[in-house]
Amino acid sequence: MWLFYLILRPMKAEQLLFESVKSGLKTLYGLDTNTISFQKTRKEFEGDFTLVTFPYTKETKKSPEQVANELGAFLLANNAQVQAFNVVKGFLNISLSSGFWLSFFETVKSNARYGFQKAQSTGKTIMVEYSSPNTNKPLHLGHVRNILLGYSVARILDANGHTVIKTNLVNDRGIHICKSMLAWEKFGKGETPQSSGLKGDHLVGKYYVEFDKAYKKEIAQLVEQGTNKEIAEKEAPLMKECQEMLRLWEKGDEKVLKLWNTMNAWVYEGFDVTYKSLGVDFDKIYYESNTYLRGKEVVQQGLEKGLFYKKENGSIAIDLSADGLDEKIILRGDGTSVYITQDMGTAVERFMDYPKLNQIVYTVGNEQDYHFKALFKILEKLNYTWAKECYHLSYGMVELPEGKMKSREGTVVDADDLIEVMYNTAKATTEELGKVDDFSAEELNALYKTVSMGALKYFILKVDTKKKMLFDPKESIDFNGHTGPFIQYTHARIKSVLRKSSENESSYVVTDLHPLEREILRGVYDFEAVVEEAGNTYSPALIANYAYELTKLFNRFYHDLSILKEEDANKRRFRLALSANCAQVLNNAMGLLGIQVPERM
RNA sequence: GGUCCCAUAGCUCAGCUGGAUAGAGCACAGGUUUUCUAAACCUGCGGCCCUUGGUUCGAAUCCAAGUGGGACUACCA
């Protein structure tokens, strides 16, 4: 049974070496240890895997070089897959045989899903929430980072064999939504997306800004008349009206609900266009207007358990100071819910909707780190066992050279504008290079979309999730160097070679590997581990950087060696297969980032 | 007051659970195409890895303190 398994699945190189080194240490020094780990040999040295021998000097009472040399000799003599070794100081660099790499290649070259686990093989179900917009303004660059991250993480988790549910929690109710509604009612003169030609979300956003302008004017007036500023902010007629509107909404006032439905529908229509441009989708959408009441039930549970308490002013709170947090208000004095009330309710509802759900991943900016700490802690205290599995995928803010983006002040990079600018840049670059002049208008359009989204997505996803990122609109996103289009270009190049090949024989006999071929195989080998690591750490950046490294390896190979013009038919066919496999891995890796790769560009 | 995040080349970023002379891209200077797509390849330039201590055979990486930047700690979301 065990042997059978070995034949079907070749041992991983690290495992193979681990056993040999373990037995070597035992045989040579009588040392019994499991602390053996390998790292990738740095490219300036020869070898595939490197073992650091410093840790064994104490027990063996020998110099690191000596241990490395003796161990190297042992491996060479006892492990058929070890072809050579060299020692630099205490570093034992091990080269595996060409045979090992070639047989590895045989197992992956025909596997289109190489690097991915069998679909839904872990039995674990994970919900990934992302986007979570307010319905009072269009999406901006901050949302774009959120959306791309969440979508990519969903794909990465899927590739790791989990069942993934992509979800969106739409913040469709509350005082801020009423602001744009009120402004439209007052100043809109019946304007609609149809009458104005404005995209629905932009139209609504316009009135959100209008509200703010008019509101600020009122405050200024009141202050001029001698009112204290804080009081003016509360007493301004527009704010009063807005609060009244929210009250009517909660009461179910028909007229308000109708306006609310109409304007939200405009927004959703607009969002859908943006989501489609970004190439993302959702399996299930939650609306806060549907879930906010559930939160109040949860609060009630907590009260009964004695976990929450009522304060003098009637609000309900929990004391989290023992957990390093503060007192947290979870329900307003007037009985209306706050953000965390809704989030508690939504989480509970989700686990009711999906009984098999194991985990929720929340893609939300790091400004809410504290909020999620409190949320998970409260859910844990309410004895929801799944609370420990909830994860806040916290990402850094996107900043402009001037600082933070502010919707109300209009200093945001609009998502639709950005997408358009990228599209036009891709178009201009493509036309300039003139490599696809024979494309139809449709094909060109598709290519511009692929390349522009590749550039944008890669630009955002290659940066470590938790770090804040700087975006300078004046410096357009690059298409050269460490970018999405660079990787896409390499893929297109490979495809071009493959198209030109008239080879109908795909078999070959190869025994030796060129160092560049070997490096590529070594790179391909790493993919599986990178996918796993990216899944464990929710990190698209790992995938992005991996794809770049492999691309560079391939380009060096492509530049230095020829594929089609190689005269030895065996080598030629092998290189074709290797190139095809590279294209496949790049396609798989980019797919995890939500980026498509073109056949030509 | 409390909690958390960040600091690496002029700029934007890699550097995995500690390991070799700290790496890329952009920018700058130069080179490579009668040959598979030059959105490429190669060379050069460029670094008190914020500071100071500690742990270790070994620290950009781990620990502590400090400095600088940022976020949160609202009956906002």
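These numbers come from a predicted model, not from an experiment. All values below come from the heavy atoms of this structure, side chains included, with hydrogens, waters and symmetry mates left out. So you know, we letter chains A, B, ... as the sequences are listed, proteins then strands, and number each from 1.
The pair Glu503(A)-Arg573(A) counts as a salt bridge, with a side-chain nitrogen and a carboxylate oxygen less than 4.0 angstrom apart.
If you check every strand for non-hydrogen atoms under 4.0 Å, Leu325(A) touches nothing. If you check every strand for non-hydrogen atoms under 4.0 Å, Met397(A) touches nothing. At a threshold of 4.0 angstrom between heavy atoms, the contacts of Thr430(A) include nucleobase atoms, whether or not backbone atoms are also involved. Residue Ile175(A) is classed as having no contact, given no heavy-atom separation below 4.0 Å to the nucleic acid. Using a 4.0 Å heavy-atom criterion, one finds that Leu561(A) contacts the bases of the nucleic acid, with or without backbone contacts as well. Using a 4.0 Å heavy-atom distance criterion, Gln368(A) is classed as a base contact. Nucleic acid contact class of Asp478(A) (heavy atoms, under 4.0 Å, all strands): sugar-phosphate only. Using a 4.0 Å heavy-atom distance criterion, Glu532(A) is classed as making no nucleic acid contact. Among the protein residues, Phe479(A) comes within range of the nucleic acid bases, having at least one heavy atom under 4.0 Å from a base atom. Residue Asp472(A) is classed as having no contact, given no heavy-atom separation below 4.0 Å to the nucleic acid. Contacts of Lys311(A) with the nucleic acid, taken as non-hydrogen atoms under 4.0 Å apart, are absent.
Checked by atom type, the side-chain pair Asp48(A)/Ser95(A) shows no donor-acceptor distance below 3.5 Å. With 3.5 Å as the limit, one finds a donor-acceptor pair spanning the side chains of Asn86(A) and Asn93(A). At a cut-off of 3.5 Å, with distance as the only test, no side-chain donor of His176(A) or Tyr208(A) sits close to an acceptor on the other residue. In summary, the side chains of Thr490(A) and Asn555(A) do present a donor paired with an acceptor at a separation below 3.5 Å, with no hydrogens or angles considered. A donor-acceptor contact closer than 3.5 angstrom is absent between the side chains of Asn366(A) and Tyr395(A). Remark: the Asn136(A) side chain and the Ser180(A) side chain contain no N/O donor-acceptor pair separated by less than 3.5 Å.
Atoms CZ (Phe459(A)) and P (C26(B)) sit 14 Å apart, rounded to a whole Å. One can place CG of Leu331(A) at 12 Å from P of C75(B), the figure rounded to the nearest angstrom. Rounded to an integer number of Å, the gap from Tyr458(A) OH to A24(B) C1' is 10 Å. For the pair Glu503(A) CD and C36(B) C1', the interatomic distance rounds to 13 Å; values are reported in whole Å. The separation between Arg493(A) atom CZ and C41(B) atom P is 7 Å, rounded to whole Å. The NZ-P distance, from Lys310(A) to C75(B), rounds to 17 Å in whole Å. Atom CG in Asn555(A) sits roughly 12 Å away from atom P in G25(B) (whole-Å rounding).
In this model, the phosphate group of A14(B) is approached by a side-chain N or O of Lys467(A) to a distance below 4.0 Å at OP1 or OP2. Residue Arg556(A) has a polar side-chain atom (N or O) positioned under 4.0 Å from OP1 or OP2 of C42(B). For C36(B), neither phosphate oxygen OP1 nor OP2 lies less than 4.0 angstrom from any side-chain nitrogen or oxygen of Lys495(A). Close to A40(B), at under 4.0 Å from its OP1 or OP2, lies a side-chain N or O of Asn480(A). In this structure, Lys468(A) does not reach the C5(B) phosphate: none of its side-chain N or O atoms is under 4.0 Å from OP1 or OP2. For the OP1/OP2 pair of U73(B) and a distance below 4.0 Å, the side-chain nitrogens and oxygens of Lys328(A) include no atom meeting the criterion. Of the side-chain N and O atoms in Ser315(A), none sit less than 4.0 angstrom from OP1 or OP2 of C75(B).
Closest to the Lys373(A) side chain, of the nucleotides C36(B), U37(B), U3(B), is U3(B). Between A71(B), A38(B), A14(B), one nucleotide has an atom nearer to the side chain of Tyr558(A) than all others, and that is A38(B). Checked against G25(B), C13(B), U73(B), the side chain of Val463(A) finds its nearest nucleotide in C13(B). Taking every side-chain heavy atom of Tyr489(A) into account, U37(B) is the closest of U37(B), C76(B), C36(B). Counting only heavy atoms from C-beta on, Lys466(A) has its side chain closest to C6(B) among C6(B), U37(B), A71(B). For Leu542(A), taking side-chain heavy atoms from C-beta onward, the closest of the listed nucleotides C41(B), G15(B), C36(B) is G15(B).
Of the residues Glu288(A), Gln368(A), His371(A), the one that meets the side-chain hydrogen bond (donor to acceptor under 3.5 Å, both in side chains) test with Tyr339(A) is Gln368(A). Exactly one of Thr167(A), Thr341(A), Thr291(A) qualifies for a side-chain hydrogen bond (donor to acceptor under 3.5 Å, both in side chains) with Thr346(A). That residue is Thr291(A). Test Leu542(A), Asn536(A), Leu592(A), Asp526(A) against Val531(A) for side chain to side chain contact (heavy atoms under 4.5 Å, CB included) and you get one pass: Leu592(A).
Comparing the C1' positions of C62(B) and G2(B) gives an interatomic distance of 25 Å, to the nearest angstrom. For the P atoms, the distance linking A38(B) with G70(B) amounts to 47 Å, nearest Å. The C1' atoms of C42(B) and C63(B) are separated by 44 Å, rounded to the nearest whole Å. The gap from the P atom of C6(B) to that of U61(B) amounts to 13 Å, rounded to the nearest Å. Rounded to the nearest Å, the gap between the P atom of C48(B) and that of G58(B) is 25 Å. Look at the P atom in both C11(B) and U51(B): the space between them is 16 Å, to the nearest Å.
Base pairing analysis places C50(B) opposite G66(B); the two distances defining the Watson-Crick or G-U wobble pair are each below 3.5 Å. Both distances falling under 3.5 Å, in either a Watson-Crick or a G-U wobble arrangement, occur for no nucleotide opposite U17(B). C26(B): Watson-Crick or G-U partner is G10(B), with both key distances under 3.5 Å. With a cut-off of 3.5 Å on both Watson-Crick or G-U wobble distances, the partner of U3(B) is given as A71(B). Base pairing analysis places A40(B) opposite U32(B); the two distances defining the Watson-Crick or G-U wobble pair are each below 3.5 Å.
Looking at Ile340(A) and Ile378(A), their side chains come closer than 4.5 Å, going by heavy atoms from C-beta outward.
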If you restrict it to nitrogen or oxygen atoms, what contacts under 3.5 Å exist between nucleotides 17-20 of chain B and the protein, and what is each distance?
{"residue": "A20(B)", "atom": "OP2", "partner": "Arg42(A)", "partner atom": "NH1", "Å": "2.9"}
{"residue": "A20(B)", "atom": "N6", "partner": "Thr50(A)", "partner atom": "OG1", "Å": "3.1"}
{"residue": "A20(B)", "atom": "N6", "partner": "Asn93(A)", "partner atom": "OD1", "Å": "3.1"}
{"residue": "A20(B)", "atom": "N1", "partner": "Asn93(A)", "partner atom": "OD1", "Å": "3.3"}
{"residue": "A20(B)", "atom": "N1", "partner": "Asn93(A)", "partner atom": "ND2", "Å": "3.4"}

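Between His176(A) and Val451(A), the one whose closest nucleotide on RNA chain B sits nearer the 5' end is Val451(A).
A donor and an acceptor atom never sit less than 3.5 Å apart when one is taken from the side chain of Asp334(A) and the other from the base of C75(B).
The aromatic rings of Tyr362(A) and Phe376(A) sit tilted, their planes meeting at an angle between 30° and 60°.
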